[in-house]
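Scroll down for the structure; my scribbles are underneath it.
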Amino acid sequence: MIEILNPGEVSRARRTGALVAEILRAMRDRAEVGTNLLDIDRWTREMIADAGAESCYVDYAPPFGRGPFGHYICTSVNDAVLHGLPHDYALADGDLLSLDLAVLKDGIAADSAISFVVGKARSGADTAMIAATREALAAGIAAARPGARIGDLSHAIGTVLEKAGYEVNTEFGGHGIGSTMHQDPHVSNIGKPGRGYKLRPGLLLALEPWVMADTAKLVTDADGWTLRSATGSRTAHSEHTIAITDDGAEILTLPN
Ligand code: MG
């Protein structure tokens, strides 16, 4: 199902998006050398509750995971890239941490992800990889306007990632979002211009380029959720929720 939101619903989406951005910013500020992933999960739970919002993750049980996720934020470290299950791990200097958060407030969801290095970066390759996912996200957003097609966004995203030297995985990508976290249309991180669903004002999309340094192949961790690079290489992920407006796209998950 593809949902088109009315202006009142888009206003509510703005508020949910601002909350997601605020929580991610707070977690980024609090994630230091020695911080435990379970603390990040607990702080996120507290901020969601204080805002009168709900987690999209706690009871989430899609076909690709093992039962309900049971946590409030995805914490993917180093070779983990997607759906990182928070666990008892204290962050070390130079760890590359990706946080992915989706929240539902007043009936509308928003979804965003950031990657950053904790403490001092071990290598310029980490910062370059994070920058590539951010640039790809910006390119996808720049291509989003009424009349554009999903393939235009996928092409814009994939072109940046491939030019930066990464192989693009097509199993997981962006998605429609609205009254629930994951909806149609799927937004692959690689694609052909002019193909796919035509964008309309009121459509909300979560765009989320992600890469692994030297492979496109994922393996699932023994925890049944966390997806890691098959080679053990490091990874990065950037995501925003955007609303298609009359003349372009508005990013809903920017920090204030
Ligand atoms: Mg998403």
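Along the sequence shown, the residues carry numbers beginning at 1. In what follows, every heavy atom counts, from backbone to side chain, and hydrogens, waters and symmetry copies are set aside. In each ligand, atom 1 is the first atom listed, and ligand 1 is the first ligand listed.
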**Request:** If the plane angle is over 60° it's perpendicular, under 30° parallel, otherwise tilted; pick one for Y89 and H87.
**Result:** tilted
**R228 to A80 - nearest heavy-atom pair and separation** =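 Closest pair (atom of R228, atom of A80, distance): NH1-CB, 3.8 Å.
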**Prompt:** With the Mg ion (ligand 1) at the apex, how many degrees lie between OD2 of D111 and NE2 of H175, rounded to 10 degrees?
**Reply:**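 Here the angle at the metal atom is close to 90°, to 10°.
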**Prompt:** Is the Y57-F69 ring centre distance short of 6.0 angstrom?
**Reply:**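 Between Y57 and F69, the centre distance is under 6.0 Å.
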**Heteroatom test (N, O or S) for D100 near the Mg ion (ligand 1), limit 2.8 Å** = no
**Item:** Heteroatom test (N, O or S) for H182 near the Mg ion (ligand 1), limit 2.8 Å
**Value:** no
**Message:** Which atom name does E208 have for its N/O/S atom nearest to the Mg ion (ligand 1)?
**Reply:**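 When I compare the N, O and S atoms of E208, OE2 is nearest to the Mg ion (ligand 1).
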**Message:** Looking only at N, O or S atoms, which one in E239 sits nearest to the Mg ion (ligand 1)?
**Reply:** OE2
**Electrostatic pair R149:D152 at N-O distance under 4.0 angstrom** =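 Here R149 does not pair with D152 in a salt bridge, since their nearest N and O are not under 4.0 Å apart.
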**Message:** With a 4.0 Å cut-off on N to O distance, would you call R122 and D93 a salt bridge?
**Reply:** no
